Protein chains: 2
Amino acid sequence: MCSMSTAPPTRGGTFGDFMINIADVARHAGVSTATVSRALSGGHHVSPATRLRVEASAAQLGYVVSSNASSLASGRMKNIGVVVPFLNHWFFASVVEGAQQALQRHGYDLTLYNLTGGLEARRSVFEHFLLRQRVDAVIAVSLELSENEVARLHALDKPLVGVGGPLAGVRTLTVDDLAVARLATEHLIALGHTRIAHIGGDKAFDLDFNLPTNRRFGYEAALAAAGIVARRDDFRPADFTTAGGYQAAKQLLGRPHERPTAIFAASDEMAIGSILAARDLGLVVPGDVSVIGVDDHELADFFGLSTVAQFPQQQGEKAVEVLMQELRPHPESRTGLNINMPFELIVRGSTARPMV
Amino acid sequence: MCSMSTAPPTRGGTFGDFMINIADVARHAGVSTATVSRALSGGHHVSPATRLRVEASAAQLGYVVSSNASSLASGRMKNIGVVVPFLNHWFFASVVEGAQQALQRHGYDLTLYNLTGGLEARRSVFEHFLLRQRVDAVIAVSLELSENEVARLHALDKPLVGVGGPLAGVRTLTVDDLAVARLATEHLIALGHTRIAHIGGDKAFDLDFNLPTNRRFGYEAALAAAGIVARRDDFRPADFTTAGGYQAAKQLLGRPHERPTAIFAASDEMAIGSILAARDLGLVVPGDVSVIGVDDHELADFFGLSTVAQFPQQQGEKAVEVLMQELRPHPESRTGLNINMPFELIVRGSTARPMV
DNA sequence: TGTGACCCTGCAAGCGATTGCAGAATAAAT
DNA sequence: ATTTATTCTGCAATCGCTTGCAGGGTCACA
């Protein structure tokens, strides 16, 4: 039933090592291992009858191809690496989840690399883990890669796609942050607001790429286009957390007569913080102040928060599709370097016309 | 510099396949591949001088062991599989993050399996992905496994540890949910509360294992021990979301004179929902009603929520430690089947003595 | 100087697949 | 019926590394 090799010194695995291998299946089906291999992978160049027989044998024996042996021989790993800065955050977790599901559909595994562990960990990922020939391609999520790191990845000569970018010389999926911010701001303007504050980040706060800056620019562009002069003190930098948004909003709304009638927060978490701050100040949302965010965070619905949704899960899926495209022997219609991802205004109850 | 094999038909990898292999290093260092292998893995049975030379060569050539070849030959994958029901949730993401970091320290990769994709996806994970000989061990996070699934995992003859359990016949890390609930409830009792409501789940709501039920029992046990009779209508089932907690609390607190003075919510998200519900009803926390949760969610601090913390990240790390223990050639001090994980009462501002 | 005991190192046989090449079998064409 | 084109299938080399075994050195002790 199992391997009946000429009993060489047994190695590998633990003692009760009864793993079915391709030779067992071949024997069982009465064909060569070559045929088994072909039958089980695509079935080309194998007669239907044989293929069926092999498949039956494999199923009966509960045989599953050893990915190591297969990879070693073929050079295909059926595995892709996903690198994220943190996992413990709604956005990243969603991207990974989306990628994971898409990969699973394609029969690929997902190996996760998490950079939370600090610089040392980061280095080891790029100088060691990713070079182990374990992945066919890499998805880098919201990562600012140093030149050195990009070089290393390119040296792998493996497809690489970024989510959130752009990343110099790397195919990247991005939402147009500038447009997102403009859309949110324009929504407020369309409602009649003219005194619109912004909670976000600027250069100094640029976490990944220029996301905060871009959103700020979008906000400013929308105001400018509407002929509204942005006041300097209607912008507050914050750290993209609920608490940060809360504090910033407290400041913005704390000045009774100087108060903006609307706040555009660069993330839903900050927007939620703003809503809570408004309440604590005795203000009504959207009566006294409208609030809009970005993300469509899971709590957005609960808080009735208007927002510009981006779809992280879908971004993960799309990244996988792009990679699958490139992994195919003859990449057909390669997409351009930068792929724009959709976003969408979702109006809930937190925005309304300003009171006159 | 690179492989100078007798130019057989080139296969595997893409064209520019300039991967340094062990033979290159051996040549460069003037030793055999066997010695390179030994020098690079532990360095036992190799003279210090040789080892240094080999290490230098490897570094100079930028050589990294091919994990496939290594795994195939040794039977060790240096990779472990982590199976989670969702990723898109604070708790799971934290466990995975903890595990990932610990694994990285041990030089292991983490392959993620996510069961979000429904039954079909779940089946394929257990009947295909995990059997590919790609992992040395499996960590199952908060999974209720069917007998069939446990059987399959055991058939792998690979270490398996669960996080959140218990899981029949599987070494599992668990927090004692009953004790957690009792601790939270006792805190309220110690403050002088006698009318303590509970938002959680019961049998019908049992998501994973009996977590909701156990927490409910803990609550009841604490009340009973204090000689307090639990009122039937002081318990509200909810779905462990903020919105669910909000609604449940609205009901509990909506009855002016029948109102409990404290709420123990089985999760921080529900506790936060409760706090928001209380505010919406014009009640002050903790003045009118104390609220305590479980988890120490990232927002707990922001809301000043008292809670019983569990440490998911630490749970992930611990799971890895346990596995590493078992993967060692001679498992030394095996831990028992069930390993209790720590939890801790964190008192913030949401709990106080009841008003008299 | 002889002689185990030990320590290093190399040889070569795997690990379990994939795949180019060529021969066998079958079908199509003349 | 013979040749040619087409499928199928098997042989055997290979992927890159690990490791049991044995040979060669070195060293200490007698």
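Hydrogens, waters and symmetry mates are skipped; everything else that's a heavy atom, side chains included, is used. Just so we're on the same page: letters track the sequence lines, and every chain starts at 1. A quick note: this is a predicted structure, and the numbers were derived from the prediction, not measured.
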Problem - A:Phe129 six-ring centre to A:Arg132 NZ/CZ under 6.0 Å and within 45° of normal - result: yes

Practice task
Give a yes/no answer on whether the side chain of A:Ser70 brings an N or O atom under 4.0 Å of OP1 or OP2 in C:dT18.
Solution key: yes

Exercise for the section: Enter the distance from B:Leu145:CG to B:Phe126:CZ here, rounded to the nearest 0.5 Å. Expected result: 5.0 Å

Problem - Atom pair distance, as rounded to whole Å: CG in B:Asn68 and C1' in C:dT18 - result: 13 Å

Problem - Donor-acceptor under 3.5 Å (B:Ser41 side chain, B:Ser37 main chain) - result: yes

Handout entry: First of B:Gln133 and B:Arg53 reached from the 5' end of DNA chain C, by closest nucleotide
Key = B:Arg53

Problem - side-chain hydrogen bond (donor to acceptor under 3.5 Å, both in side chains) partners of B:Gln133, counting only residues at least two apart - result: none

Fill in the blank from the handout: Between A:Val64 and B:Val36, whichever has its closest DNA chain C nucleotide further toward 5' is B:Val36

Practice task
To the nearest Å, give me how far apart CG (B:Asp24) and C1' (D:dC17) are.
Solution key: 13 Å

Practice task
State, without any angle test, whether B:Ser32 and B:Thr35 hold a side-chain donor-acceptor pair at a distance under 3.5 Å.
Solution key: yes

Practice task
Round to a whole Å and report the spacing from CG of B:Leu72 to P of C:dG16.
Solution key: 7 Å

Completion exercise
Rounded to whole Å, the NE2-P distance (B:His45 to C:dC6) equals 13 Å

Exercise for the section: Report the C-alpha distance between B:Leu143 and B:Val141 in whole Å, list the side-chain angles of each, state the deciding distance to 0.1 Å, and finish with yes or no for side chain to side chain contact (heavy atoms under 4.5 Å, CB included). Expected result: CA-CA 5 Å; B:Leu143 283 184; B:Val141 185; 5.7 Å; no

Problem - Sugar-phosphate only, base, or nothing, as touched by B:Ser37 at under 4.0 Å among non-hydrogen atoms - result: base

I'd like a list of close polar pairs between nucleotides 10-12 of chain D and the protein, N/O only, cut-off under 3.5 Å.
| from | atom 1 | to | atom 2 | distance (Å) |
| --- | --- | --- | --- | --- |
| D:dG10 | OP2 | A:Ser32 | N | 2.9 |
| D:dG10 | OP2 | A:Ser32 | OG | 3.1 |
| D:dG10 | OP2 | A:Thr35 | OG1 | 2.6 |
| D:dG10 | N7 | A:Arg38 | NH2 | 2.8 |
| D:dG10 | O6 | A:Arg38 | NH1 | 3.4 |
| D:dG10 | O6 | A:Arg38 | NH2 | 2.9 |

Handout entry: Spacing between A:Lys78 atom NZ and C:dG16 atom C1', to the nearest angstrom
Key = 17 Å

Practice task
May I have the distance from A:Met19 (atom CE) to C:dG14 (atom P), rounded to whole angstrom?
Solution key: 21 Å

Practice task
Taking only Lys NZ, Arg NE, NH1 and NH2, and the carboxylate oxygens of Asp or Glu, determine whether B:Arg134 and A:Asp109 approach each other closer than 4.0 Å.
Solution key: yes

Completion exercise
Separation of C:dC8 atom C1' from B:Leu52 atom CG, nearest Å, is 16 Å

Problem - Difference in axis direction between the ends of the helix from C:dT1-D:dA30 to C:dT30-D:dA1, five pairs, 10° - result: 40°

Exercise for the section: Check every atom of C:dA17, D:dT19, D:dT9 against the side chain of A:Tyr63 and return the nucleotide holding the closest atom. Expected result: C:dA17

Exercise for the section: Considering just the side-chain nitrogens and oxygens of A:Ser74, establish if one lies under 4.0 Å of OP1 or OP2 belonging to C:dA17. Expected result: no

Practice task
Look at all strands and tell whether A:Thr50 reaches a base, only sugar-phosphate, or nothing, counting heavy atoms closer than 4.0 Å.
Solution key: sugar-phosphate

Problem - Shortest non-hydrogen contact from A:Tyr113 toward A:Gly81 - result: CE1-CA, 4.2 Å

Exercise for the section: To the nearest Å, give me how far apart CZ (B:Arg76) and C1' (D:dC17) are. Expected result: 11 Å

Practice task
Provide the closest heavy-atom pair for A:Ala58 versus A:Val25 in the form atom of the first, atom of the second, distance.
Solution key: N-CG1, 4.1 Å

Problem - Atom pair CZ (A:Arg122) and OG1 (A:Thr116), whose distance is rounded to the nearest 0.5 Å - result: 11.0 Å

